[in-house]
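Handing you a structure now.
In what follows, every heavy atom counts, from backbone to side chain, and hydrogens, waters and symmetry copies are set aside. Counting starts at 1 for both ligands and their atoms, following the listed order.
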Amino acid sequence: MMTYIIDNKCIMCGACEEQCPSGAISIGKDQYTIDKNLCISCGACAAVCPVDAPKDEDE
Ligand code: SF4
Ligand code: SF4
């Protein structure tokens with residue numbers, strides 16, 4: 001299943017974590033990360049991110 005991934009442009013603002021309806025986003029060492037087993041590909045993280053870091057994995 002297609003999921004979203006967060007690339008290294010992430011500035012760790014935390015906005016996406018608050019918006020994710022499935023709790024798939026968590027803080028990592030250098031950036032936020034998405035649990036592929038939880039992501040439902042809603043796009044909310046991409047919509048709220050100020051630096052366009054979350055990407056559709058198939059893009
Ligand atoms: Fe969460 Fe939706 Fe982003 Fe997946 S696409 S990580 S479900 S906000
Ligand atoms: Fe990183 Fe964007 Fe999420 Fe902020 S909204 S934590 S910059 S991926």
Which residue owns the protein heavy atom closest to atom 2 (Fe) of ligand 2, what's the atom, and how far is it? Cys49 SG, 2.3 Å
I'd like to check Ile25 versus Cys45 (side-chain heavy atoms, cut-off strictly below 4.5 Å). Are they in contact? yes
Spacing of CG belonging to Leu38 relative to OG belonging to Ser22, to within rounding of 0.5 Å: 6.0 Å
For Glu17 and Ser26, which heavy atoms make the closest approach, and how far apart are they? OE2-CA, 4.2 Å
Is the closest heavy-atom distance from Val48 to ligand 2 below 4.0 Å? no
Would you mind reporting whether Cys16 and Cys49 have side-chain heavy atoms less than 4.5 Å apart? no
Taking every heavy atom of Ile34 against every heavy atom of Cys39, the minimum-distance pair comes out as CG2-CB, 3.7 Å
Taking only non-hydrogen atoms of Ile34 and a 4.0 Å limit, the atoms of ligand 1 in range are 6 (S)
Below 4.0 angstrom from a heavy atom of Tyr32, which ligand 2 atoms are there? Numbered from 1 as shown, please. 6 (S)
Report, in ascending order of atom number, the atoms of ligand 1 lying under 4.0 Å from any heavy atom of Ile25. 6 (S)
Between Thr33 and Gly28 (side chain of the first, backbone of the second, donor and acceptor by atom type, cut-off under 3.5 Å), is there such a pair? no
What are the two closest non-hydrogen atoms of Lys9 and Val51, and how far apart are they? CE-O, 3.2 Å
Can you name the atoms of ligand 2, numbered from 1 with element, that are less than 4.0 Å from a heavy atom of Cys16? 3 (Fe), 5 (S), 6 (S), 8 (S)
Side-chain heavy atoms under 4.5 angstrom apart, residues restricted to Ile, Leu, Val, Met, Phe, Trp, Tyr: same cluster for Ile6 and Ile27? yes
Atom 7 (S) of ligand 2: closest protein heavy atom, distance to 0.1 Å, is Ile11 N, 3.3 Å
With a cut-off of 4.0 Å, which atoms of ligand 2 are near a heavy atom of Val51? 7 (S)
Provide, to 0.1 Å, the distance between atom 8 (S) of ligand 2 and the closest protein heavy atom, together with that atom's residue and name. Ile6 CG2, 3.6 Å
For atom 2 (Fe) of ligand 1, every protein N/O/S atom that sits closer than 2.8 Å, waters excluded: Cys42 SG
Heavy-atom nearest neighbour in the protein, as seen from atom 1 (Fe) of ligand 2, with distance rounded to 0.1 Å: Cys10 SG, 2.3 Å
Tell me whether Cys13 has at least one N, O or S atom under 2.8 Å from atom 4 (Fe) of ligand 2. yes
Are Tyr4 and Met12 connected in a single hydrophobic cluster, I mean Ile/Leu/Val/Met/Phe/Trp/Tyr linked by side-chain heavy atoms less than 4.5 Å apart? yes
Can you tell me how far SG of Cys10 sits from CG of Asp52, rounded to the nearest 0.5 angstrom? 12.0 Å
Identify the protein heavy atom lying closest to atom 6 (S) of ligand 2, giving its residue, its atom name and the separation to 0.1 Å. Gly14 N, 3.2 Å
Is Ser41 close to Asp56 at the side-chain level, that is, under 4.5 Å between some pair of heavy atoms? no
Derivation and outcome, side-chain contact (heavy atoms from CB on, under 4.5 Å), residues Lys36 and Ile5: CA-CA 8 Å; Lys36 294 182 180 217; Ile5 58 171; 4.2 Å; yes
